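Model, not experiment: these values are computed from the prediction.
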Amino acid sequence: MGWRSFFSPQRRRLVLLSLAHAGVLTLLTLWWMSVGTWEFGDEVVIERITQSRYLLFGSEDPLVTETKQKLLLINCSYDKMLVPYKDDFGEGTRPITDRKKLTALLAIINRAPVKPDYTLWDIFLDYPSPYDSALISELRTLNRVILSTYLTDSGTVYQPYAGLTYALAQYATMSDTFLKYRLLHNNEASYVPARLAMNQQGYTWRKWAGFVFGNGWWLNSFIVDLPIRRVHMDNNEITVWNVGEALENFTPEEIQETVAGRLVVFGDFYENDVHETFLGQQPGPLILVNTYLGLVKGSARITVLLFSCIFLLYLAATLYVFHLREYREKILTQKIYRVRIARFLFKYLTYIVIFAIYTVLVYLITQQHVQLLLFALYFNVFDFLMSKYGDEVKAWLRLAPSPPAEEAPAQPD
């Protein structure tokens with residue numbers, strides 16, 4: 001085969017079409033990852049495998065170690081008060097976090113010579129109490145604080161008190177297990193980790209076409225690793241205070257010295273705000289911290305490396321289906337290929353297996369999770385259609401060389 005044959009118009013058209021096809025599929029994959037909370041069962045298995053590295057290997061990167069040392073978790077699970085409650089079915093009382101104790105603790109923090117670096121308030125203030133006025137005054141004085149909130153039934157952000165910064169603390173899942181967190185609900189409402197990243201890291205994000213732009217190109221929804229977990233609280237690797245015990249056991253000066261320069265997180269860490277994850281049950285406030293940590297690490301950023309990894313897989317699969325699949329029978333022995341079950345497994349499970357392995361490899365290379373199995377199913381269908389109608393498709397796309405013209409029969413003299 002000469003160079004002219006190798007660079008024939010059909011070959012050039014095949015390469016250009018394959019490049020375009022791989023590019024479109026890469027964009028669709030990133031969009032699928034960015035807008036959705038969907039996950040296939042096989043993807044859940046893969047995520048369990050990748051996240052299990054935190055259980056198998058004890059090492060952690062310096063940013064995780066630094067974050068654990070900087071955290072101060074204020075647990076509100078065991079400090080409750082009763083407030084009046086009434087709904088359509090009756091009236092009585094219900095327990096909420098003791099806001100009198102919270103007010104006292106915030107008053108001490110606000111008098112500290114050095115304030116916390118930032119404060120996450122992961123407690124919904126949706127039931128009134130007699131101490132709310134004083135509590136809100138202390139929160140406003142604290143200044144560098146983000147309050148968790150939620151979307152109401154009408155789709156608006158619940159913001160009961162003016163003069164405070166609110167962000168959403170909700171996630172969606174298809175498997176009852178935490179997997180992904182979002183950055184922005186819209187350009188006016190962000191989620192807690194994204195708001196903290198914007199305030200702390202100086203990001204300026206805007207949502208458009210399902211993606212987030214500003215300081216790069218980002219996924220609006222990404223799979224979150226959990227390097228900081230409940231076990232680190234239990235092992236005293238993270239400072240944890242119960243509200244009442246902190247007020248009783250420490251002097252105001254000791255409290256002020258401890259909070260200086262910390263990332264202080266108020267929330268329910270042990271009872272009500274606990275969620276199922278691939279690494280066991282984890283407190284909701286820690287999920288927010290891990291999501292923020294993922295944003296700082298760039299886990300949601302669409303980099304050239306991430307784009308290239310996905311693109312190269314699709315390019316190789318496209319070239320295989322368009323051209324190299326013709327040599328499939330030559331690759332396998334005739335005996336194996338004639339066995340019906342072997343032929344079925346090779347034709348319809350190869351893509352799923354290869355894409356699953358590739359997902360793990362991409363994670364090892366980029367430390368980012370990708371969701372590819374939907375497109376493994378797409379290539380199965382693509383392969384099937386090409387096996388049925390490949391000649392017609394290639395003729396229509398002009399990917400096959402035209403048959404040589406038949407010579408006219410010689411006329412007798």
Could you state the interatomic distance from [atom1] ([X]) to [atom2] ([Y]), rounded to the nearest 0.5 Å?
X: L377; Y: F375; atom1: CG; atom2: CZ; value: 10.0 Å
X: I74; Y: L72; atom1: CD1; atom2: CG; value: 4.0 Å
X: L226; Y: H232; atom1: CG; atom2: NE2; value: 10.5 Å

Would you say CH2 of W217 has more than 12 non-hydrogen atoms from neighbouring residues, nucleotides or ligands within 6.0 angstrom?
yes
Should the heavy atoms of other residues, nucleotides or ligands under 6.0 Å from CD of E257 be counted, would the total exceed 12?
no
Suppose we screen for salt bridge (charged side-chain N to carboxylate O under 4.0 Å, His left out). Which residues come up paired with [X], at least two apart in sequence or across chains?
X: K100; value: none
X: D126; value: none
X: D268; value: none
X: R94; value: none

Under-4.0 Å salt bridge between D98 and K80:
no
Salt bridge check: are D117 and R262 linked by an N-O gap of less than 4.0 Å?
no
Only counting residues at least two apart or in another chain, list the ones meeting side chain to side chain contact (heavy atoms under 4.5 Å, CB included) with [X].
X: V296; answer: L63, Q201, Y292
X: S133; answer: none
X: S308; answer: V304
X: R301; answer: Y203, W218, T303

Which residues satisfy the side-chain hydrogen bond (donor to acceptor under 3.5 Å, both in side chains) test with D273, sequence neighbours excluded?
H275
Quick one: side-chain hydrogen bond (donor to acceptor under 3.5 Å, both in side chains) partners of T65, sequence neighbours excluded?
E60
H21 and ring-ring contact (aromatic ring centres under 6.0 Å, His included): which single residue from F311, Y378, Y314 fits?
Y378
Please assess R229 against Q281 for the test side-chain hydrogen bond (donor to acceptor under 3.5 Å, both in side chains), listing each intermediate value before the final yes or no.
CA-CA 9 Å; R229 301 181 303 284; Q281 292 187 336; over 6 Å; no
With a 4.5 Å limit on heavy-atom distance, are the side chains of [X] and [Y] in contact?
X: F222; Y: H369; answer: no
X: V274; Y: R230; answer: no
X: L168; Y: S148; answer: no
X: L151; Y: H185; answer: yes

In chain order, what residues pass the ring pair (Phe, Tyr, Trp, His ring centres under 6.0 Å) check against F269, with sequence neighbours excluded?
none
Within residues 81-93 or reaching into it, pairs that qualify as salt bridge (charged side-chain N to carboxylate O under 4.0 Å, His left out) - sequence neighbours excluded
none
Once you measure the plane-to-plane angle for Y181 and Y171, does it fall in the parallel (<30°), tilted (30-60°) or perpendicular (>60°) bin?
tilted
